[in-house]
Structures are given as structure tokens and as C-alpha cells.
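Structure, as C-alpha cells:
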Amino acid sequence: MTTLLTPPGAPPVKNSMQRPWPLFLRIFALMLGTVMLVQVLNFAVVLLIPPPMPVIFTANRVAAVARTGHDPGGLLKAELSSGPPRPSDNPRDSRLAASIATDLGLARDKVTVDTERSAMPMFAGALRPPLPMGMGRRQPPPPSFDNALFGPFVVSIEAPNGRWLVIRPARSTIGPWRMRIILWFLVAMAVAAPIAWALARRVAKPIGLFAAAAERLGRDPRTDPLRVSGPPEIAEAASAFNLMQERLNRYVEDRTTLIAAVAHDLRTPLMRLSLRLEKAPDDIRASSEGDIQEMSQRIGSAMAFVRDMTRHVRRQRLDLRSLAESVTDDFADRGETVVLHPGSAMTMEGDAPSLKAVLANLVGNAVKYAGHADVQLRRERGLAIIEVSDTGPGMAPQDLARAFEPFFRAEQSRNRDTGGSGLGLASVRAVARGHGGDATIANRPGGGLVAVVTLPV
């Protein structure tokens, strides 16, 4: 497949002679070539494997076998049968039966001949080309032909004891020829199968590449773009996919830049309000300073959140259990009650600082609201699952649905008196979804909360 991308800094090369074939022309050419190859093989069958010449038996030879009970050449076999033979309405079979009966000196009804017949297809006459002028129907066969038996046939002769002597060819003369045809068919299939396989792979490969690219884009919007290569249709589709990825990233960056600019600009009026409040009465200043300080903290948290989400990272293979151990050890060093259940290493591809922040947020929330945290890591169906649970007061059902909204803080026990900006869980879900996973939170049956983060490994 010809690559349409050029190295950075290199001038574009435009050569109409090197332009690859369109995909539909490639498929058409491969299918046409395969059909032609099969037709060539069929023609070779006609030339290399001609149909066998049938063995012809005369009525006199059949009568001789009926007298002796065996054929010296071994080509005919005779056996007794108790059932009556199948009647035949073919005039030629009647003539052969009469000839054999005359040779044996038996009555006509004592001998029955049944040859294999094949009826002409219904539309064969309509598709047959007309005969030229002056030519009639096919001439009748010579007289010697009427006294001959060939192909599959059955001659039944009634014995004096009421049983029937059945004479038929010992073996099918056309069997080996049919086997050679079957073997030739298998050879043709073996020749055509690789071409069909290559065609199927060629058609399905771009679809698989686009599916993998879409999966990568879902995990990391800043992943490397697709290579623009192959037939024109595939190259155009890859270019459109890359353009879509670029527009999505630009849209997200524009939205994030707007949020960061608004948060930054809000700091100036807050600073002016703080300066003016210094001259206000003590009761007004005391009640307003808390609100201003909270707004300032929210703005700072929002700017940090935007900065973390827009940070361009290079993901690498890491051990998720090692990250969890470092986070739980940090909390344990500060005297917090945090338990990490043992287990094997769990490697995955991700951004270590972001995943470490996810674990720190979940463990920190559990310690803040319940005084302890219980951390479990396990692998299920190709997913790494992180569970952080506690036995705290839990959350109201209506608050669980909004727990991951930015700046949302639950009422009752989880309010602003305990601190926090309401961006911790939002950051957790953003990082999890950025890695192709998700984050959920639910009340435990025995009390408390359990936060679950799933990540593809």
C-alpha cells in the first residue's frame, strides 16, 4: 500500500503515475481475476480429465452370465433376490429383455431390464440452438447399439423356484472419474481460497484500523492521528477522521480556555471586594470574608482542574498496585487508617500522576468523611477495578446522582464545613473516562459509601 504522508520538512511529491488504485477497482480486479482463474481450472478439467469410456456389455454376455452364475472377466456380478424387479416402460429396455429371453429360451415376461435414464431439463429445449437448414434430427443408432448395455443397469431373470437372478455391473465405471473431479475441485478451492482470504483481509483491515483509532480516541483525545495511506477512499476517510479529532480537541481546548479565563478574571473583582471590606463594619466584614475566601478557593480549584485536564501527557505501562501502595503509605504515614488488600501486580497503560491523583482523591474523601478507607484492586474481564469503601454516613439517593458534578457538595454530613471544593469526584470521573473507563459511587448495604473506578488494561 502506497503511503501518502511525507516526512516533516520534505516537499510534497505529486506523481499521478504513483497514485494507488481506488478500493472498488482493487476489489473488482481481484474478483474478476478469481473468476477467470476458476474458469481456467474448469477448462483444464475438460482437457486433462476427459470422461471415461463406458464398458459395453452385449445381451449375449449377460445371458451367458445367467447360465453360469458368474462372469469370467469379473465385470458383472449375479445374485439372487426374493423381491420382484422394478418394471420399466422404456422400449429399449423391452427390446433388450426380449433379446436376453430369446437367448435363454425363456418367456418374455421372465426377463426384466432396467437401465439408468436421465430426463432432459424442462428448459433445455428452449435453450438449445436451432438446427441448420437441411439437417434433421439425430440419426438412429446402428442396430448393434440396440443389443448393448452400458452404464448402470439391472437385468432380472425369474428362476424356476420363484426367486429372481439379478445381474448388474460389479463396480461403477465412472467412480474414479468422479473422484478425480472432486480432487480437482479441491485443488481449485485451495488455489482460490488464498485470493479470497487476501481480498477479505484487504477489505476488513481499514475497518479494523478505524475501530482501533476510535477506541484510542475515546481513551486519549490527544492520541497520534491516523496514517493517511492506502487507496484514495481509505486515505480520504483517514484524513476526515484526523480532521474530526483535531476539531474535537480544538473545541475542548477552546471551552477549557474560556473557563480558565473566566476564573482568572474573577480574581480581580474579588480582590477589590476584599480591599473594600477592610473599611466595612466588623459584622459585615466577618460575614463576607468567608464567602470571598470560599469563592477564591473555588476559582483556584477550577483553574487547577482545568490545568490538569488540559495537560498533555504521554501514557506508559505502569503497575496500578504500586501506585495504590504509594498513596496508602502516604496516608498511613500521616496517621490515617487506610487498608490496602493484598494482591498481584496489575499493569496497564496510563498516566501515573493522574491515576495517583484519582486514588488520593477517593482515599482522601473516605478518610475525611468516615475516618478510614478500605482499598481493593482486582481484575475482571479485561478491566482493572479500584474499590474504595468506608463505613461513614453515606449520601442521600438524590445526591448520589449528582456526586460527580463539578462544585457539587452534598448536604448534611458532607457540606462545606468539612472543606473541599466539590471538584474531587469530577476529576476522578474525568480521568477515568479519559483512560477509557468510568467511575461510580453508591451506598453500601451495611452503611457508608463505595467508589468504583474501572480502567481497561
Side-chain angles (χ1 to χ4, degrees), residues 294 297-298 301 304-305 308 318-346 348 350-380 383-433 435 437-455 457:
E294 182 183 356
Q297 290 177 354
R298 288 195 177 189
S301 300
F305 176 77
D308 292 340
L318 53 88
D319 183 8
L320 191 59
R321 184 166 293 278
S322 297
L323 287 180
E325 289 175 353
S326 65
V327 171
T328 54
D329 290 344
D330 290 342
F331 278 91
D333 292 341
R334 296 199 294 266
E336 306 293 350
T337 305
V338 179
V339 177
L340 173 62
H341 291 255
S344 59
M346 191 175 298
M348 61 169 293
D351 177 39
S354 299
L355 295 176
K356 190 173 182 179
V358 166
L359 288 164
N361 270 324
L362 296 178
V363 174
N365 284 342
V367 170
K368 182 185 299 181
Y369 299 118
H372 69 279
D374 189 85
V375 184
Q376 294 186 14
L377 272 71
R378 67 179 188 274
R379 187 192 303 265
E380 289 184 3
L383 294 175
I385 299 179
I386 306 171
E387 284 190 2
V388 180
S389 57
D390 60 57
T391 56
M395 295 178 65
Q398 62 271 19
D399 292 337
L400 289 174
R402 303 181 55 196
F404 292 97
E405 295 181 5
F407 301 111
F408 174 78
R409 290 181 300 186
E411 298 296 333
Q412 301 174 1
S413 63
R414 296 176 183 252
N415 53 29
R416 69 181 184 179
D417 295 336
T418 59
S421 61
L423 287 174
L425 290 179
S427 176
V428 167
R429 174 167 282 184
V431 172
R433 290 181 173 177
H435 282 75
D438 204 354
T440 58
I441 191 170
N443 286 317
R444 296 179 61 189
L449 284 176
V450 55
V452 180
V453 176
T454 57
L455 301 169
V457 295

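Note that this is a predicted model, so its numbers are computed, not measured.
Shown here for L355 and G350, the closest heavy-atom pair between the two residues is CD1-CA, 4.4 Å. Between L323 and A352, the shortest heavy-atom distance links the atoms CD1-O, 4.0 Å. Contact between V431 and S354 at its shortest, heavy atoms only, is CG1-CB, 3.7 Å. The shortest heavy-atom contact between T337 and G371 is CB-O, 4.0 Å.
When atom types are taken as modelled, the side chain of D390 and the backbone of H372 share no donor-acceptor pair closer than 3.5 angstrom. Within the 3.5 Å criterion, the main-chain N or O of L377 finds a donor-acceptor partner in the side chain of R321.
Residues D351 and H435 meet the side-chain proximity criterion, which asks for heavy atoms closer than 4.5 Å. Looking at heavy atoms from C-beta onward, L362 lies in side-chain contact with L425 at the 4.5 angstrom threshold. Between R429 and D438, some side-chain heavy-atom pair lies under the 4.5 Å cut-off. The side-chain heavy atoms of N365 and L449, taken from C-beta on, include no pair separated by under 4.5 Å. Side chains of M348 and L318 form a contact here, defined as non-hydrogen atoms less than 4.5 Å apart.
The line from CG of L320 to CZ of R379 is 9.5 Å long, rounded to the nearest 0.5 Å. Atom OG1 of T440 and atom CG of L400 lie 10.5 Å apart (nearest 0.5 Å). In this structure, the separation between NE2 on H341 and CG on D374 is 3.5 Å, given to the nearest 0.5 Å. If you take CZ on R378 and CD on E387, they are separated by 4.0 Å, rounding to the nearest 0.5 Å. Within the model, atoms CZ of R433 and OG1 of T454 stand 10.0 Å from one another, a figure rounded to the nearest 0.5 Å.
With F331 as the fixed residue, the side-chain contact (heavy atoms from CB on, under 4.5 Å) test singles out one of T328, V327, D333: V327.
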